[in-house]
Each structure stands twice: as C-alpha cells, then as structure tokens.
Amino acid sequence: MDANSSWSSCRSSLTCLIIVFLVFFDLEKQNVNADEGPASDDAVLCGIDLSSFLPLPYSNLQNMVCKRLWNSFLLRYSNTEDNTITIVLSTPYNSGWVGMGFSRDGMMLNSSCMVGWISPEGHSRIKQYYVEGFTPSEIKPEKGELPLTSVPPYIALQGASIYLAFQLKFGTHLKRQPILLAYSSRYPQHHHLTIHDDKTTIYLDFSSGHSADSTSTSSRDYGFESMKKTHGALSVLGWGLFLPCGAIFARYLRHREPLWYYLHVVIQFMGFIIGIAAVVVGLSLNHRLQDHIVAHKTIGIFVLVFTILQVMAFFARPSKDSKNRKYWNLYHFWMGRIAIFLAAVNIVLGIHIGDAGSAWKIGYGFVLGFILMSCIVLEALSRLRRSNAAAYPSNFQMNDI
C-alpha cells in the first residue's frame with residue numbers, strides 16, 4: 001500500500017468518525033429537547049395570566065406553586081401563614097366532570113371532593129361531594145369535610161382547559177396530604193356523579209411542593225386492591241362455586257350410593273374452608289376501610305351463620321330409621337338453599353360495591369350461568385328418569401312355591 005492510498009484511507013476513516021460524532025451529538029440534543037419538552041410546556045402553562053378569566057383571589061396567587069400532578073392535571077396553589085390554601089386545578093376538557101379530593105388515607109371512601117363541570121347548555125357547576133360509598137347514590141352532593149372559606153368556589157372554561165378554583169382554611173399547617181384526582185366524560189345526572197373514567201392518588205407535600213404518585217410512595221393502594229381481588233376470588237370460588245356444586249351432587253346423584261354422599265361432604269367442606277378464608281379477608285378489608293358497608297356485610301354474616309349451622313347439622317345427623325330424620329332433611333334442605341341464594345346475591349352486590357369492572361361481572365355471570373344450566377339439564381334428566389321408571393316398572397316376579 002502506497003502513501004496516497006494510506007492517506008485516503010485515513011481521511012475516509014476520519015470523515016466517518018466525524019459523521020458518527022455529529023449524528024450522536026444530534027441524537028443527544030434531540031433527547032435533551034424531548035426531556036425538556038414537558039417541563040417547557042408546564043412553564044408555559046404556569047405562566048398563563050389567570051386574571052383574564054378568574055376573579056380574586058384565584059387570579060393573584062402569592063408565592064404560587066405550579067406543577068403537573070398527573071397526566072394533564074396542573075395544580076396551582078398558594079399557602080399562607082394562617083394555613084389558608086388557595087387552589088386552582090386545570091386540565092383539558094371536552095365533556096363530563098373533573099374532580100379533586102382530599103382523603104384521610106389515600107382511599108376514595110370517606111373522602112371529600114370538589115367537582116366541577118360545564119353543562120351542555122354552558123352552565124358552570126362546582127360542588128363539594130362526600131364519598132360515603134362506591135355507588136353514585138352514595139356520593140353525596142353539598143356534603144363534605146373540606147374547610148371552605150367564605151370565598152365562593154369558582155369554575156371557568158378557558159380555551160380547551162377547565163379551571164377549578166377553591167379556597168380552604170385548615171386549623172394546622174397542611175403537610176403531606178393524599179390527593180385524589182378523577183375525571184369522567186359523562187355529565188352528572190341531577191347532580192349525582194357518573195362513574196369515573198380514570199382516577200389516581202397523589203401524595204402532595206403542601207409545605208415543600210413535592211409530590212409523588214401512590215405507586216412510588218406506598219404499596220398501600222396496591223395491597224388494598226390485592227385484598228379486594230382476593231376476597232372476591234375466594235367468595236366466588238367458595239360460596240359461588242363449591243357450595244352450589246356440592247348441593248347439585250346431593251340432589252342429582254342419589255342413585256349413585258354412596259358416591260354422592262362422599263362427593264357432597266368433601267366439596268361442601270372445601271367450599272366452607274374457602275368461604276371462611278373469604279370472610280377473614282373481608283373483615284380485614286372492613287377494618288382498613290373503617291366504614292360499614294351494611295348490606296354486603298349483613299348478608300355475609302347470614303351466609304356464614306347458615307353455613308356453620310349446616311356443618312353442625314352434619315355432626316347431629318340422625319339415622320335413617322329415626323323419626324326425626326324427615327325434620328332434619330327439611331332443615332338441611334332449606335337452610336342450604338337459602339345460604340346458597342344469599343351468597344349469590346352478596347357476590348353480585350360485592351362486585352357492584354367494589355366497582356370490580358366488567359371482567360368480574362362476566363366471570364361470575366359465566367359461573368352462575370353454568371350452575372343454573374347444569375341444574376336445569378340435570379333436573380330435566382331426573383324427571384325423565386323417574387317418569388320412565390313409573391311407565392316401565394320392573395317385570396321381575398317371584399315364582400310361587
């Protein structure tokens with residue numbers, strides 16, 4: 001290789017290195033700009049002049065803290081020495097409602113929320129709500145524990161964003177506080193909120209302005225949701241599947257003596273154990289909620305008592321020749337069926353109260369439909385077998401001696 005070719009090769013390599021360096025530098029610059037994008041957007045949004053559409057004191061927040069909390073929810077607030085907090089929450093808006101709540105423990109239950117919306121007719125609405133339960137009827141308008149000042153809450157639609165403004169005065173300095181954020185694309189019906197499309201919990205330190213979502217600060221919500229799913233799964237498996245299947249074996253396999261009895265006892269016992277586990281998890285949930293879900297809890301207690309009585313009746317089962325056997329059969333028959341019926345009602349109620357979603361509804365609907373169809377088919381076959389036995393009696397006769 002001569003000198004010219006060596007120089008040409010070296011020059012080509014140097015050119016390639018320069019190109020690679022420039023490309024790498026350009027990519028790094030793009031990444032930096034991309035990382036700074038949201039921060040730049042927040043700076044622009046925080047710099048919007050509020051005086052053009054919000055009244056005092058919301059339009060002039062002293063020592064204002066402005067930050068993005070979740071998705072497109074932007075919070076502005078001012079905290080004074082007398083523990084008065086002036087809040088302006090904004091987010092893009094098309095329809096439905098937007099809410100911000102203050103929670104005791106990060107949960108929706110027993111929280112107080114400020115919710116605002118612009119009606120299809122263009123009327124502005126902002127109200128305080130108190131969350132007594134999980135259904136829309138249990139979220140009470142014009143109630144709550146937020147210490148609102150004499151300054152009226154205000155709501156405005158500016159451009160493509162909605163602004164919720166309200167002022168609170170606390171007895172002590174507010175520090176780390178669980179904040180609930182939620183929205184729905186559907187309008188409230190007669191001031192009763194529709195089910196939210198999405199929600200989250202943010203832990204905000206009002207003294208420093210530092211915030212973090214619930215997944216990064218605590219596993220409390222995850223544990224709560226996990227307990228809810230565990231309680232539901234155990235209830236469906238124990239009360240909703242095993243106990244009905246045990247009753248089905250007892251009714252439709254009587255001609256398989258003694259197979260039906262062993263299947264009935266084993267499956268009912270397994271269902272009882274799983275049901276007890278569901279009750280234990282449910283009591284733990286009730287303790288964490290610190291609230292009484294009266295209907296669900298009451299029905300659950302009745303189901304538990306009836307099931308325990310059934311287990312006790314097993315040990316007090318009289319012999320077939322006893323004159324009390326028919327009364328025991330009636331007791332066992334009706335007590336068991338009432339327990340199974342109440343359990344099914346309570347499972348449906350629990351899915352509704354826990355806002356479990358369509359997957360749970362479809363899943364339990366499949367289980368319930370399977371059990372009902374099995375009963376219908378087996379009952380039809382049982383009646384057909386009895387009618388055939390009546391129509392064609394045995395031709396066997398003993399010979400006279």
Side-chain angles (χ1 to χ4, degrees), residues 34-48 50 58 61 64-79 85-118 126-129 131 134 139 144 146 153 155-166 168 174-186 188 193-225 355 357:
D35 293 339
E36 292 179 350
S40 302
D41 292 342
D42 290 352
V44 172
L45 293 173
C46 290
I48 292 177
L50 303 180
Y58 307 119
L61 301 178
M64 180 185 73
V65 176
C66 180
K67 64 180 305 170
R68 185 187 298 267
L69 290 183
W70 172 61
N71 291 345
S72 55
F73 280 75
L74 194 72
L75 178 67
R76 300 172 176 85
Y77 73 90
S78 173
N79 197 352
I85 300 178
T86 305
I87 292 174
V88 177
L89 180 72
S90 62
T91 187
Y93 179 80
N94 291 317
S95 62
W97 57 264
V98 174
M100 175 179 177
F102 284 68
S103 171
R104 302 172 184 174
D105 53 6
M107 307 299 176
M108 185 179 76
L109 199 66
N110 297 320
S111 63
S112 299
C113 312
M114 295 299 297
V115 180
W117 67 93
I118 308 295
I126 182 168
K127 293 180 179 293
Q128 183 177 183
Y129 286 81
V131 183
F134 297 99
I139 302 177
L146 293 179
I155 185 170
L157 186 63
Q158 177 68 13
S161 297
I162 191 171
Y163 291 79
L164 277 68
F166 55 96
L168 308 172
L174 190 64
K175 293 184 179 180
R176 191 171 185 268
Q177 169 65 42
I179 298 295
L180 306 177
L181 299 173
Y183 67 90
S184 174
S185 58
R186 290 164 291 178
L193 299 184
T194 51
I195 297 176
H196 52 70
D197 292 347
D198 200 2
K199 64 180 177 65
T200 191
T201 301
I202 300 293
Y203 291 83
L204 177 63
D205 191 336
F206 279 91
S207 59
S208 65
H210 176 73
S211 66
D213 60 33
S214 57
T215 57
S216 61
T217 58
S218 173
S219 61
R220 193 170 183 178
D221 286 346
Y222 174 78
F224 177 76
E225 291 297 326
D355 193 18

> Which residues satisfy the ring-ring contact (aromatic ring centres under 6.0 Å, His included) test with Tyr129, sequence neighbours excluded?
Replying inline: none
> Between the side chain of Arg186 and the main-chain N/O of Ile195, is any donor-acceptor distance below 3.5 Å?
Replying inline: yes
>> Which residues pass the salt bridge (Lys or Arg N to Asp or Glu O under 4.0 Å) test with Asp198, not counting sequence neighbours?
In response: none
>> As an exercise, state the distance from CE of Met100 to CD1 of Ile202, rounded to the nearest 0.5 Å.
In response: 10.0 Å
> Out of curiosity, Tyr58 OH to Leu164 CG, how far, rounded to the nearest 0.5 Å?
Replying inline: 10.5 Å
>> Nearest 0.5 angstrom please: Leu193 CG to Cys113 SG, how far?
In response: 8.5 Å
>> With a 4.5 Å cut-off on side-chain heavy atoms, are Ile85 and Phe206 touching?
In response: yes
> Taking atom CG of Leu61 and atom CG of Leu50, what is their separation to the nearest 0.5 Å?
Replying inline: 6.5 Å
> Quick one: does Tyr93's side chain have a donor or acceptor within less than 3.5 Å of a partner on Val98's backbone?
Replying inline: no
> Which pairs, with at least one residue in residues 155-166 and sequence neighbours excluded, count as a side chain to side chain donor-acceptor pair (under 3.5 Å)?
Replying inline: none
> Can you name the residues that form a ring-ring contact (aromatic ring centres under 6.0 Å, His included) with Phe73, not counting sequence neighbours?
Replying inline: Trp70
>> For Thr194, give me all partners under side-chain hydrogen bond (donor to acceptor under 3.5 Å, both in side chains), at least two apart in sequence or on another chain.
In response: Trp97, Ser184
> Looking only at heavy atoms, what is the nearest atom pair of Gln177 and Ser103, with distance?
Replying inline: NE2-O, 2.7 Å
> What is the minimum heavy-atom distance between Pro178 and Arg104, and which atoms define it?
Replying inline: CG-O, 4.4 Å
> For the side chain of Ser185 and the backbone of Ser95, is there at least one donor-acceptor N/O pair under 3.5 Å apart?
Replying inline: no
>> Are the side chains of Phe102 and Leu180 in contact, using a 4.5 Å heavy-atom criterion?
In response: no
> By side-chain hydrogen bond (donor to acceptor under 3.5 Å, both in side chains), which residues pair with Thr86, not counting sequence neighbours?
Replying inline: Gln167
> For the residue pair Ile126 and Ala165, what are the closest heavy atoms and their distance?
Replying inline: CD1-O, 4.0 Å
>> For the CG atom of Leu75 and the SG atom of Cys66, what is their distance to the nearest 0.5 Å?
In response: 7.5 Å
> Atom CG of Leu89 and atom CG of Leu69: how far apart are they, to the nearest 0.5 Å?
Replying inline: 7.0 Å
>> Are the side chains of Leu168 and Met114 in contact, using a 4.5 Å heavy-atom criterion?
In response: no
> Can you tell me if Gln128 uses its side chain to pair, donor with acceptor, with the backbone of Val115 under 3.5 Å?
Replying inline: no
